[in-house]
Protein chains: 2
Amino acid sequence: MTSAPTWTIAQVAEEFGVTHRTVRHYEDLGLISPERRGTQRIYHRRDRTRLGLILRGKRLGFPLEEIRTIIDLFDAPRGRRTQLEYVLGQIDERRADLDQRLRDIQDAIAELGEFERRCREDLDKLA
Amino acid sequence: MTSAPTWTIAQVAEEFGVTHRTVRHYEDLGLISPERRGTQRIYHRRDRTRLGLILRGKRLGFPLEEIRTIIDLFDAPRGRRTQLEYVLGQIDERRADLDQRLRDIQDAIAELGEFERRCREDLDKLA
DNA sequence: ATCCTGCTTTACGTTTACGTCAACGTCAAG
DNA sequence: CTTGACGTTGACGTAAACGTAAAGCAGGAT
């Protein structure tokens, strides 16, 4: 029987391309909470999943505090009806935000394409 | 003949939903450079266009310095061939970045949808 | 036994993106 | 002519997201 794999802070930092300081900073803010074996931090798959979500959130420009509320949402207990309805409401809010960003990105890409077309035109005229 | 419309700092700030301090901050960083009539700032359509680009860049999480290099690119002189080729290279870099963000956004939206589906399932079971 | 390597906490430093006074100019209205 | 409303330039404050020593513990190699 192979037990569940674990990682050290150096390993996860290396794997995700961040510093150990960054990883601990996320822990300070409550975004991850690795197991402790004595004083050492032990990272499980769950922590790596969350770290992945954090970094994607960062690439999308979300502040860490907001990222925390989002990924906490995924792990939130969804037993009672009121809780589930609250979560569904939060999902709608998040989706509205993401949809806005999607439009922004698509617009930006479209404008960039149009700009490139004009540049290539100018380049052709010089030929 | 109607002359070109202009705006005061309060008007553009109001219109774009930011403070005058923010607008001046962007000017300090060289992202916009409104005309001066005496000591007063006069904003033209060009400035509003740039302000719109700045704020979209911000929604996408770009740092202001990077936003400056991007929108400066749009206004850069494209006379010489070397300059045009440089600009086209920059466009490719920007597009790679935007494509990554597009994927991130789409993934996030998809995961959110999947999460919502599971929540609705749980809710149905409670009915 | 001690030396090295990796991990730990504590704490101050830095950059970005503004907020927030303070103190003054200016111009039309009362 | 003075009172607002709006504009201006500093200059300092602040929150977020780490960077960067400093100093110490802990377990294996020599």
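What you see is a predicted model, and the numbers here were worked out from it, not measured in a lab. Throughout, a chain's letter reflects where its sequence line sits, starting with A, and its residues are numbered from 1.
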Sequence neighbours excluded and cut-off under 3.5 Å, please list the side-chain donor-acceptor pairs for residues 25-34 of chain A, or say none.
| from | atom 1 | to | atom 2 | distance (Å) |
| --- | --- | --- | --- | --- |
| A/Glu27 | OE1 | A/Arg41 | NE | 2.6 |
| A/Glu27 | OE2 | A/Arg36 | NH2 | 3.2 |

Check: B/Glu85 and B/Arg78 side chains under 4.5 Å, non-hydrogen atoms
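Not touching, per the 4.5 Å side-chain cut-off.
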A/Trp7 side chain reached by A/His44 side chain, heavy atoms, under 4.5 Å:
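Sidechains of A/Trp7 and A/His44: no contact.
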Under 4.0 Å from any heavy atom of chain B: name the first and the last nucleotide of DNA chain C that qualifies, 5' to 3'.
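Range of nucleotides within reach of chain B: C/dA17 to C/dT20.
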Whether the B/Arg103 and B/Gln106 side chains hold a donor-acceptor pair (N or O, under 3.5 Å, no angle test) is what I'd like checked.
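Looking only at side-chain atoms, B/Gln106 and B/Arg103 do not form any donor-acceptor pair under 3.5 Å.
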Quick one about B/Arg37 and B/Gln40 (side-chain donor to acceptor, distance below 3.5 Å, no hydrogens or angles considered), yes or no?
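No pair is found: no donor N or O on one side chain lies under 3.5 Å from an acceptor on the other.
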Could you tell me whether A/Tyr86 atom OH has more than 12 heavy atoms of other residues or ligands within 6.0 Å of it?
no
Taking the six-membered ring of A/Phe62 (Phe, Tyr or Trp), confirm whether the NZ or CZ of A/Arg101 is under 6.0 Å from its centre and within 45° of its axis.
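The answer is yes; both the distance and angle limits are met.
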Between residues 5-43 of chain B and DNA chain C, which residues have a heavy-atom gap below 4.0 Å?
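Here the set is B/Thr19, B/Arg21, B/Thr22, B/His25, B/Tyr26.
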Atom pair distance, as rounded to whole Å: CD1 in A/Ile54 and C1' in D/dA17
13 Å
Verdict with supporting geometry, B/Asp122 and A/Arg80, salt bridge (charged side-chain N to carboxylate O under 4.0 Å, His left out):
CA-CA 10 Å; B/Asp122 291 1; A/Arg80 297 188 314 282; over 6 Å; no
